[in-house]
Number of protein chains: 2
Amino acid sequence: MKKGHQVTMKEIAKRLGVSVSTVSRALKDSPELHPETKRKIAEMAKEMNYQPNLLAQSLRISRTKTLGVIVPEITSHFFASCISGIQDFANKRGYNVMICQSNESIELEKANIKTLVATQVDALLISLSRETNHFEHLDELYQREIPFVLFDRVQEDMPVTKITFNDQNGAYQVTKHLIEMGCKRVMYVSGPEDLYISKKRKKGYLQALKEFGIKEDPSLIKVTDLTQEQNIKVAQEIIDMNPRPDGVFCMIDPLAVDVLTHWKSKGIKVPEDMSLAGFTNNPTSAVVEPPLTTVSQPGYEMGKLSVSHLLDQLEGLASDEPISIVLDTTLVPRKSTGYTG
Amino acid sequence: MKKGHQVTMKEIAKRLGVSVSTVSRALKDSPELHPETKRKIAEMAKEMNYQPNLLAQSLRISRTKTLGVIVPEITSHFFASCISGIQDFANKRGYNVMICQSNESIELEKANIKTLVATQVDALLISLSRETNHFEHLDELYQREIPFVLFDRVQEDMPVTKITFNDQNGAYQVTKHLIEMGCKRVMYVSGPEDLYISKKRKKGYLQALKEFGIKEDPSLIKVTDLTQEQNIKVAQEIIDMNPRPDGVFCMIDPLAVDVLTHWKSKGIKVPEDMSLAGFTNNPTSAVVEPPLTTVSQPGYEMGKLSVSHLLDQLEGLASDEPISIVLDTTLVPRKSTGYTG
DNA sequence: CTGTTAGCGCGTTCAG
DNA sequence: CTGAACGCGCTAACAG
């Protein structure tokens, strides 16, 4: 299957008996052209349905007006929201977006970066995969002076702009909420421990305990790799504990939902037997039974801010100095922690 | 902010005192080169960290190995799954993907197509917006011989390859299931009526009624524009009906979830008071209380098939003749229709 | 086996 | 006000 022929400036020049450069000038409304020829050319361009070849244009001006985005997973509602925000605001400023997913694999992440760079994107927005625990590929971007920002899943030591949520404070708020609702033994269920957000949220959890003078208890911290299988395993382990915790804060909503589902199948009542809270405010968390207390992270907003700042930098509207943008999270109390709004 | 310099073939040619074309040939492992010079060039390329400029390459061979994708909404789990399938299988065959969302707006859809075409994508995969009820922009693609396929939200009369689900049969199965579970008055809640899937699913609904000798009752068909507001309004209207239906088939899961949530807030019990079913098998449908009977549509599979067939056509592995690929759906019976698996 | 030449489509001097 | 000439980075036909 072959693509049909596309009209070029050359052809419209030929038809009108003018030079290509004249056409080029006319099409970008250069002031130093005779209005009449300008009009004629515009007309002919329209008639022939001329569409500029962005490829050639990009090659010439060595800018593609295209941004590359890498996220761990498109099917995650949170990242989809980020993408949505990035798209909308990139488009508003005349930029296109190429999206890739790393499927939480560092190898795919590297490959994605490589092809995006090869296609000459002007800059990148990256959210790191779960596996990413070394950073040579980012160092290389940095050394090659390819502009990029990190969002949500960031590497703290990288000297680039990072957009994150106030994860620690969000976790602090949930934990505090659980305590205030009467929980005495609050557990934290973490994802992989070297994940940025696992660490931050643990900090917030510990901060709240400390504030209420509760001693940290290692048996009240569990770790899962976030596969459904492990999540359920952890859910069962909690049931089997003696004494059980009376409140469980899960690092992320899908984990909390897995736990909730398993508990329900085992006859555990939430929040009567144990309170349960998540993080992210996925759509799902609002419709499970009981509705899940969680922390909302506006992904769309994060995407919007990330791309806006990046473009500001690209276009010289903002300093090149890397900055750290921290977005606020909001506690969303629901029935799963005994809250009755 | 400026991008750093990128190594070109010219530079490595200069360093080695050979011509650019030799470098070009070496880099693509041409058989007619002296192994030694080939080795040298490869080495130098590596040393200088050469990365080919796909832009220039594309311009030269007038193929970008990039596909454009347009979906109504990235944040919909179903479309995210499609995208995921498209990405994975496009990448496997050496293609990149540019994704756009139309936000259910025909104007944005047109704009998206325009920019994707301008960036010279080799082909397009399009799922139409809800608003799209005229098709000049697709006609133009067709006339300009830009290869494209339509998936899920298709226009039936367009002479291009279309990938759809067997929506009618899916709707038939749900309706039949409701009847078999004992419902005497089954209602169909439709989305906008000129939507392809609204029509197809209605057909399936009617087909099942007919098969069971149930007369079609216009008062048992309602329409919503699928905004949450209208969905809730319809949910209330159903409560207010006298007599009420005893089973309600909602065209799509989010609608069913809205209805369920509203009913629960009004004390209606599902399935005791009324049975309820959706369509799509969103993750949400499995975790609401009660879990929602629905019809599963494998989006990833749809994306995979769409892109695979498109690439087959592009690369001459499949005939250019437009075909219609119809994927099977599967009934997923759950508690909301009284099913106890 | 390798260099020279000639574009791909466009923008930008530099002359007229 | 307009045309000719050049080059972005790369590939390919033609020589040798």
Side-chain angles (χ1 to χ4, degrees), chain A residues 2-42 44-45 48-66 115 117-122 144, chain B residues 2-42 44-45 48-66 115 117-122 144:
Chain A
K2 275 180 55 182
K3 278 205 303 192
H5 178 71
Q6 304 240 3
V7 180
T8 70
M9 289 184 11
K10 200 175 176 179
E11 300 174 53
I12 110 149
K14 199 170 173 185
R15 279 245 218 153
L16 253 42
V18 296
S19 79
V20 188
S21 26
T22 304
V23 176
S24 170
R25 282 188 273 250
L27 260 27
K28 56 173 32 189
D29 206 27
S30 158
E32 47 175 21
L33 260 205
H34 193 96
E36 180 56 14
T37 53
K38 211 190 276 187
R39 200 191 51 71
K40 266 191 179 166
I41 292 175
M44 179 60 78
M48 298 177 71
N49 193 16
Y50 168 79
Q51 304 285 133
N53 183 329
L54 256 41
L55 222 61
Q57 199 168 315
S58 298
L59 181 60
R60 183 63 185 69
I61 65 180
S62 54
R63 279 203 345 181
T64 53
K65 287 233 168 196
T66 300
T115 59
V117 169
T119 58
Q120 310 293 114
V121 293
D122 289 345
R144 293 180 62 185
Chain B
K2 276 179 56 184
K3 278 204 302 190
H5 178 72
Q6 304 239 4
V7 180
T8 70
M9 289 182 12
K10 200 175 176 180
E11 302 175 51
I12 109 152
K14 198 170 174 185
R15 280 245 215 152
L16 253 43
V18 297
S19 80
V20 187
S21 30
T22 303
V23 176
S24 172
R25 279 188 276 249
L27 261 28
K28 56 174 34 191
D29 205 28
S30 159
E32 47 176 22
L33 263 204
H34 193 96
E36 180 56 14
T37 53
K38 214 190 276 188
R39 200 191 51 72
K40 267 191 179 166
I41 292 175
M44 178 61 78
M48 299 178 69
N49 192 15
Y50 168 80
Q51 304 285 132
N53 183 330
L54 256 43
L55 223 60
Q57 196 168 318
S58 297
L59 180 61
R60 186 60 183 72
I61 66 179
S62 55
R63 278 203 347 182
T64 53
K65 288 232 169 196
T66 300
T115 59
V117 168
T119 57
Q120 310 293 114
V121 292
D122 288 346
R144 293 179 63 185

[X] [atom1] to [N] [atom2], straight-line distance once rounded to whole Å:
| X | N | atom1 | atom2 | result |
| --- | --- | --- | --- | --- |
| Q120(B) | dG9(C) | CD | P | 9 Å |
| K28(A) | dC1(D) | NZ | P | 19 Å |
| I12(A) | dG3(D) | CD1 | C1' | 16 Å |
| H34(A) | dG3(D) | NE2 | P | 13 Å |
| M9(A) | dA4(D) | CE | P | 14 Å |
| R25(A) | dA4(D) | CZ | C1' | 10 Å |
| L33(B) | dA12(D) | CG | P | 14 Å |
| L55(A) | dT11(D) | CG | P | 13 Å |

Checklist entry - More than 12 foreign heavy atoms under 6.0 Å from NZ of K38(A): is that the case here? => result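 Yes, the 6.0 Å shell around NZ holds more than 12 heavy atoms from other groups.
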Checklist entry - Around K40(A), counting heavy atoms of other residues, nucleotides and ligands shown, do more than 12 lie under 6.0 Å from its NZ? => result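 Not buried by this count: 12 neighbours or fewer within 6.0 Å.
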Checklist entry - So do the side chains of V23(A) and Y50(A) get within less than 4.5 Å of each other, counting heavy atoms only? => result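 No, side chains not in contact.
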Next on the checklist: Is there a side-chain contact between T22(B) and L33(B) in this structure, where contact means two heavy atoms from C-beta onward sitting under 4.5 Å apart?
Outcome noted: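 Yes, at least one pair of side-chain atoms sits under 4.5 Å.
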Checklist entry - How would you label the contact of S58(A) with the nucleic acid (heavy atoms, under 4.0 Å): base, sugar-phosphate, or nothing? => result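 If one applies the 4.0 Å heavy-atom cut-off, S58(A) turns out to touch nothing in the nucleic acid.
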Checklist entry - Base, sugar-phosphate, or nothing: which does V20(A) touch, judged by heavy atoms less than 4.0 Å apart? => result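 Nothing, no nucleic acid heavy atom in range.
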Does [N] have its OP1 or OP2 closer than 4.0 Å to a side-chain nitrogen or oxygen of [X]?
| X | N | answer |
| --- | --- | --- |
| S19(A) | dT2(D) | no |
| Q57(B) | dT11(D) | yes |
| S24(A) | dG11(C) | yes |
| Y50(A) | dC10(C) | yes |

Short N/O separations, protein against nucleotides 6-8 of chain C, under 3.5 angstrom:
{"unit_1": "dG7(C)", "atom_1": "N2", "unit_2": "R60(B)", "atom_2": "NE", "d": "2.3"}

Checklist entry - Does any N or O in the side chain of T119(B) come within less than 3.5 Å of the main-chain N or O of T115(B), such that one atom is a donor and the other an acceptor? => result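 Answer holds: yes.
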Item to check | Between the first and last five pairs of the helix from dC1(C)-dG16(D) to dG16(C)-dC1(D), the angle of the axes, rounded to 10 degrees | outcome: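 Axis-to-axis angle, ends of the helix: 50°.
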Heavy-atom pair with the smallest gap, counting every atom of [X] and [Y]:
| X | Y | result |
| --- | --- | --- |
| L16(B) | M44(B) | CD1-CE, 3.2 Å |
| T64(A) | Q120(A) | OG1-O, 2.8 Å |
| K65(B) | D122(B) | N-OD2, 2.8 Å |
| A45(B) | L27(B) | CB-CD1, 4.2 Å |

Next on the checklist: Assess whether a salt bridge exists between R39(B) and E36(B), defined as any Lys/Arg side-chain N lying under 4.0 Å from an Asp/Glu carboxylate O.
Outcome noted: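 Looking at R39(B) and E36(B), the cut-off is met.
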Item to check | N/O donor-acceptor pair, side chain S21(B) with base dT4(C), under 3.5 angstrom | outcome: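 Indeed, a donor on one side and an acceptor on the other fall under 3.5 Å apart.
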